[in-house]
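In what follows, a single structure is set out as C-alpha cells and then discussed.
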Amino acid sequence: MSETQLPPTPEATPAAEPAAPAPVPRPHPKKSAQGRIFRRTSYRRALIEGALIYTAFRLLQMVPLNWLSDAAVIVLILLLLVLRFLPPVWAASRVVSTKREKMSKRFWKMGPILAALCLLVDVAVALGLGEPTFPAGPDGYGPVWARLQPGAAHPLSWGAFALGEVPTFFFLLIYYVIAVVCTRLANGGFMRFTMPGGDGRVTL
C-alpha cells in the first residue's frame, strides 16, 4: 500500500484544562452590637455600670469643699450634677436590644432594680464615711456606723437612719423609672410606623 493510501492519523487534541475551583465565600466577621457613641453591652453589666456611676457620685459628695479652690468647687458641683442624673440614662442606653424593641418587661424592671442598687451604695457610703451636706462635703458627724454605737458623740438610732434613707429611695425610684422609660422611647424615635410610599415602603 502506498503512502498516499494510508488512512489519515487523528490529530492530537490538547487535554482539557481542569476547571478552576469556585471561590469559597469567606464568612463575614460577626459585627458586635454598636450604639451611636459606644459599644453596647449586656443587661447585667449595664446595671453594674449605672451603680458604679452612682458610687462615684456618692464618694465625690464626701469631698470637703474647703480643700478645693473656687474653680475646682464649680467643676465638682457640675460633675456631681451630671453623675447624679446619669445612671439610669446610661444603663438604659447601654443595653443590647433589637431594632424594634423599645419597652419590654426587663426595661420596666431596670429602674427599680437600679434604684435598689444605688440605695445600697448610699447606705454603705453613709455607714463607712458619713452623710453629705448640700452641695457637697461631709456633715461633720462622722461615719454613721460609729454614731450607731452606744456612747457615740453624735448618737443616731437605726430607726432614724432608716427613716432618713426613705426620701432618697423614693427619689431614686421615681426618677430612675421615668428616666429609663424616656431613654428607651427616645432610642430611635418616639413613634415608629410603616406606610406605603411609591414602589417601596417608608418607615418613619
Side-chain angles (χ1 to χ4, degrees), residues 35 37-95 105-184:
I37 302 176
F38 45 74
R39 189 183 303 273
R40 300 294 180 92
T41 186
S42 64
Y43 185 87
R44 180 179 298 179
R45 182 171 177 176
L47 288 173
I48 294 174
E49 291 178 357
L52 290 177
I53 293 174
Y54 186 84
T55 303
F57 159 75
R58 192 61 180 82
L59 292 176
L60 286 176
Q61 270 192 317
M62 303 305 297
V63 176
L65 296 183
N66 55 9
W67 291 3
L68 307 175
S69 63
D70 294 340
V73 169
I74 296 175
V75 172
L76 176 62
I77 293 175
L78 292 177
L79 184 59
L80 289 174
L81 185 63
V82 172
L83 294 178
R84 183 180 183 87
F85 296 101
L86 182 60
V89 178
W90 177 273
S93 301
R94 286 274 285 156
V95 178
K105 189 175 180 180
R106 61 175 183 162
F107 288 113
W108 286 110
K109 292 180 179 180
M110 176 175 279
I113 293 175
L114 186 57
L117 291 176
C118 292
L119 180 67
L120 292 178
V121 170
D122 189 83
V123 171
V125 175
L127 291 174
L129 299 179
E131 296 284 2
T133 57
F134 181 82
D139 60 0
Y141 295 143
V144 172
W145 180 255
R147 298 176 60 189
L148 294 171
Q149 306 304 317
H154 303 283
L156 181 68
S157 65
W158 282 103
F161 174 62
L163 189 62
E165 293 294 327
V166 171
T168 300
F169 176 69
F170 275 105
F171 168 78
L172 293 176
L173 179 62
I174 296 173
Y175 168 67
Y176 281 18
V177 170
I178 295 175
V180 169
V181 171
C182 292
T183 301
R184 292 306 307 171

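Only a predicted model underlies this, so the values are computations on that prediction, with no experimental measurement involved. We count residues from 1, following the sequence as given.
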Exam field: side chain R94 to backbone Y43, donor-acceptor pair closer than 3.5 Å: no
Over 12 non-hydrogen atoms of neighbours within 6.0 angstrom of CZ in F170: no
side-chain contact (heavy atoms from CB on, under 4.5 Å) between V95 and M110, worked out: CA-CA 11 Å; V95 178; M110 176 175 279; 3.5 Å; yes
Derivation of the side-chain contact (heavy atoms from CB on, under 4.5 Å) call for L148 and V144: CA-CA 6 Å; L148 294 171; V144 172; 4.0 Å; yes
Trace of the side-chain contact (heavy atoms from CB on, under 4.5 Å) decision for L76 with L65: CA-CA 9 Å; L76 176 62; L65 296 183; 3.7 Å; yes
Nearest-0.5 Å distance, CZ of residue R45 to CG of residue L52: 10.0 Å
Where L80 and A136 come nearest, the two heavy atoms and their spacing: CD1-CB, 3.7 Å
Pairwise distance CE(M62) to OG1(T133) - rounded to 0.5 angstrom: 8.0 Å
Spatial distance of atom CG (L173) from atom CG (L114) [nearest 0.5 Å]: 10.5 Å
Check: V181 and F107 side chains under 4.5 Å, non-hydrogen atoms: no
Donor-acceptor pair, side chain of R147 and main chain of G142, under 3.5 angstrom: no
Heavy-atom pair of closest approach, residues R184 and A92: NH1-O, 3.1 Å
For the student: nearest non-hydrogen atoms of E131 and F161, plus distance: OE2-CE1, 3.5 Å
Heavy-atom pair of closest approach, residues A51 and C118: CA-SG, 4.3 Å
Sequence neighbours excluded - ring pair (Phe, Tyr, Trp, His ring centres under 6.0 Å) pairs with any residue from residues 57-88: Y54-F57, F85-Y175
Within 6.0 angstrom of D70 CG, more than 12 heavy atoms from elsewhere: no
Minimal non-hydrogen separation, P155 against A152, with atom names: CD-O, 3.5 Å
Euclidean distance, D122 CG relative to L117 CG, rounded to 0.5 Å: 12.5 Å
W158 and W145 aromatic ring geometry - parallel, tilted or perpendicular at 30°/60° bounds: perpendicular
Gap between atom CD of E49 and atom CG of L86 - 0.5 Å precision: 10.5 Å
Spacing of OG1 belonging to T55 relative to CD1 belonging to I48, to within rounding of 0.5 Å: 11.0 Å
Smallest separation among heavy atoms of P87 and I53, with atom names: CG-CG2, 3.9 Å
Check against side-chain contact (heavy atoms from CB on, under 4.5 Å), W90 and T183: CA-CA 9 Å; W90 177 273; T183 301; over 6 Å; no
